[in-house]
Amino acid sequence: MKRAIITVVGKDTVGIIAKVCTYLSGANVNVLDISQTIVSGFFNMMMMVDVSKSTCDFDKLSDELDEVGKSIGCSIRIQLEDIFDMMHRI
């Protein structure tokens, strides 16, 4: 399994989770865990996903998620779990 972390941040609006998950499903990316919150009208979501069976390479996933984010007024970033762990290790 090759896991990655996806973060989504932006103004809350209808359909954010649906649009992100629809894209991921189309790219054959499996959502393993998801957490989301809304604070003062701002949406924040973190997802753990399995990209091992993705139909896209990682760079294409990143670019296309960025485009999905722009279309819904959010910032969407994806990082491989190993890199995420290294960056957040104390």
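Values in this document were obtained by computation on a predicted structure and should not be read as measured data. Because only heavy atoms are used, hydrogens play no part in the values below, and waters and symmetry mates are left out as well, while side chains stay in. We count residues from 1, following the sequence as given.
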> Got a donor-acceptor contact below 3.5 angstrom from the Ser25 side chain to the Cys21 backbone?
Replying inline: no
> Has the side chain of Asn28 got a donor or acceptor atom that lies under 3.5 Å from a matching backbone atom of Lys53?
Replying inline: yes
>> Set out, in order, the CA-CA distance, both residues' side-chain angles and the distance that settles side-chain contact (heavy atoms from CB on, under 4.5 Å) for Lys60 and Ser62, then state yes or no.
In response: CA-CA 5 Å; Lys60 184 175 180 182; Ser62 181; over 6 Å; no
> Among Asn44, Ile76, Ile17, whose side-chain contact (heavy atoms from CB on, under 4.5 Å) with Val8 holds?
Replying inline: Ile76
> Same cluster for Ile34 and Phe42 if Ile/Leu/Val/Met/Phe/Trp/Tyr side chains link at under 4.5 Å?
Replying inline: no
> Run the side-chain contact (heavy atoms from CB on, under 4.5 Å) check on Glu81 and Met48 step by step: do they pass?
Replying inline: CA-CA 8 Å; Glu81 180 184 33; Met48 173 73 71; 3.8 Å; yes
> Does Leu24 reach the side chain of Val31, with side-chain heavy atoms less than 4.5 Å apart?
Replying inline: yes
> Would you say Val9 and Ile5 are hydrophobically clustered, going by side-chain heavy atoms of ILVMFWY under 4.5 Å?
Replying inline: no
>> Using the rule that Ile, Leu, Val, Met, Phe, Trp and Tyr join whenever any side-chain heavy atoms are under 4.5 Å apart, tell me whether Val14 and Ile72 fall into a single cluster.
In response: no
>> Assess the residue pair Ile6 and Gln79 against the criterion (side-chain contact (heavy atoms from CB on, under 4.5 Å)); give the C-alpha distance rounded to whole Å, side-chain angles, the decisive distance to 0.1 Å, and a yes or no.
In response: CA-CA 7 Å; Ile6 296 174; Gln79 291 180 307; over 6 Å; no
>> Would a single hydrophobic cluster contain both Leu32 and Met46, if residues Ile, Leu, Val, Met, Phe, Trp and Tyr are joined by side-chain heavy-atom contacts under 4.5 Å?
In response: yes
> Is Ser71 reaching over with its side chain to a backbone N or O of Val68, donor-acceptor style, under 3.5 angstrom?
Replying inline: yes
> Can you check whether Ala27's main-chain N or O pairs, donor with acceptor, with Ser54's side chain at less than 3.5 Å?
Replying inline: yes
>> Tell me whether the NZ or CZ atom of Lys11 lies within the 45° cone about the ring axis of Phe43 and under 6.0 Å from its centre.
In response: no
>> Working note: Asp66 + Arg77, criterion side-chain contact (heavy atoms from CB on, under 4.5 Å); need CA distance, chi angles, decisive distance, verdict.
In response: CA-CA 7 Å; Asp66 186 52; Arg77 299 290 174 253; 3.1 Å; yes
>> Consider side-chain contact (heavy atoms from CB on, under 4.5 Å). Of Leu61, Leu65, Asp63, which one does Cys56 pass it with?
In response: Leu61
